[in-house]
K.L.:
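Please see the structure below; I have some questions.
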Amino acid sequence: MKKLIVANWKMNLSRQNGLNLAQELADKLTAENYKKSQIIICPNFLYLAEIQAIFSGSKIALGAQNCSAFEKGSYTGQISAKQLADFGVSSVILGHAERRNYCCETNKIIKEKEKIAQKFGLLPIICIGENDEEKSSNKTEKVLKKQIKECCPENGFVLAYEPLWAIGKKSASILEISKICSLIKKIKNVPVLYGGFVKPHNANDFLNLENLDGILVGGASLKSSSFLKIIESAE
Ligand code: PGA
């Protein structure tokens, strides 16, 4: 089965560097890569139009890093799921740990966003994960179950397990990830991704894990050399 490889550029890359990176990926990805994996790139909103043009004719899909919980109207500064769909965006990351932390995004808000995203044909990639303290007090299972119960619809979405203690710091172990995948799939039978310090040297371990359906990559997706190495590790 194809693995899903999602790049989350976050608020990184200048316009020119973002466009160069998108062009390099479109030029360098091969039929063999596409046979093994499905690739989604999530740049910041401002680059979507130009990157959509670069990706047209390639098999790279365009994703967004967030969307509004509202359908339309007087919501200054927000971007709707429908507006994203108009730009050829096919999926959206929701409930990323950074948004939960810095933007006070709650499970309730994430659920609202997820409904709107599905309504306009976007695949929600819903992030869940425990923080350091929850992990050390053995609350991981409880936290994940609550997040799944409160944020997720019945079906038609992807779950990304992204423990907060792992993002940008150190990856979870294969054993931990495998255990969590089994737990998640018992609750919701949906594709599960892992995110948190996925790098060229460890991507192969994750992409080979049978019950894991793919990865969400932050820092290592910002350079074509490292991201292409990660994609190439899919077997
Ligand atoms: P990282 O980020 O790969 O830089 O750890 C992952 C993410 O936050 O999605």
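Numbering of ligands and ligand atoms starts at 1, following listing order. Nothing fancy with the numbering, it's 1 onward along the sequence.
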K.L.:
So if I count the atoms of ligand 1 from 1 in the order they appear, which ones are less than 4.0 Å from some heavy atom of Asn8?
P.N.:
9 (O)
K.L.:
More than 12 heavy atoms of other residues, nucleotides or ligands under 6.0 Å from NZ of Lys199: is that the case?
P.N.:
yes
K.L.:
Would you mind checking which non-hydrogen protein atom is closest to atom 4 (O) of ligand 1, with the distance to 0.1 Å?
P.N.:
Gly219 N, 2.8 Å
K.L.:
Under the 3.5 angstrom rule, does the side chain of Gln65 hit a backbone N or O of Cys42 as a donor-acceptor pair?
P.N.:
yes
K.L.:
For the pair Ser58 (side chain) and Ile60 (backbone), establish whether a donor and an acceptor sit closer than 3.5 Å, ignoring hydrogens and angles.
P.N.:
yes
K.L.:
Give the residue and atom name of whichever protein heavy atom lies nearest to atom 9 (O) of ligand 1, and the separation in Å to one decimal.
P.N.:
Glu162 OE2, 2.8 Å
K.L.:
Under 4.0 Å from a heavy atom of Gly196: give me the atoms of ligand 1 that qualify, with their elements.
P.N.:
5 (O)
K.L.:
Quick one: does His96 get within less than 4.0 Å of ligand 1, heavy atoms only?
P.N.:
yes
K.L.:
Around atom 5 (O) of ligand 1, find the nearest protein heavy atom and jot down its residue, atom name and distance.
P.N.:
Gly168 N, 2.6 Å
K.L.:
Under 3.5 Å, is there a donor-acceptor pair between the side chain of Tyr75 and the main chain of Gly77?
P.N.:
no
K.L.:
Identify the residue among Ile79, Leu84, Ile40 that makes a side-chain contact (heavy atoms from CB on, under 4.5 Å) with Val89.
P.N.:
Leu84
K.L.:
In ligand 1, which numbered atoms sit nearer than 4.0 Å to a non-hydrogen atom of Gly218?
P.N.:
1 (P), 2 (O), 3 (O), 4 (O), 6 (C)
K.L.:
Classify the contact between Lys169 and ligand 1 as side chain, backbone, both or neither, using a heavy-atom distance cut-off of under 4.0 Å.
P.N.:
neither
K.L.:
Do we see a donor-acceptor contact under 3.5 Å between the side chains of Glu130 and Trp165?
P.N.:
yes
K.L.:
Please could you name the atoms of ligand 1 that Phe197 approaches to less than 4.0 Å, counting only its heavy atoms?
P.N.:
1 (P), 3 (O), 5 (O)
K.L.:
Between Ile167 and ligand 1, which part of the residue brings a heavy atom under 4.0 Å of the ligand: side chain, backbone, both or neither?
P.N.:
both
K.L.:
Under a 3.5 Å threshold, yes or no: a donor from one side chain and an acceptor from the other, between Glu24 and Asn20?
P.N.:
no
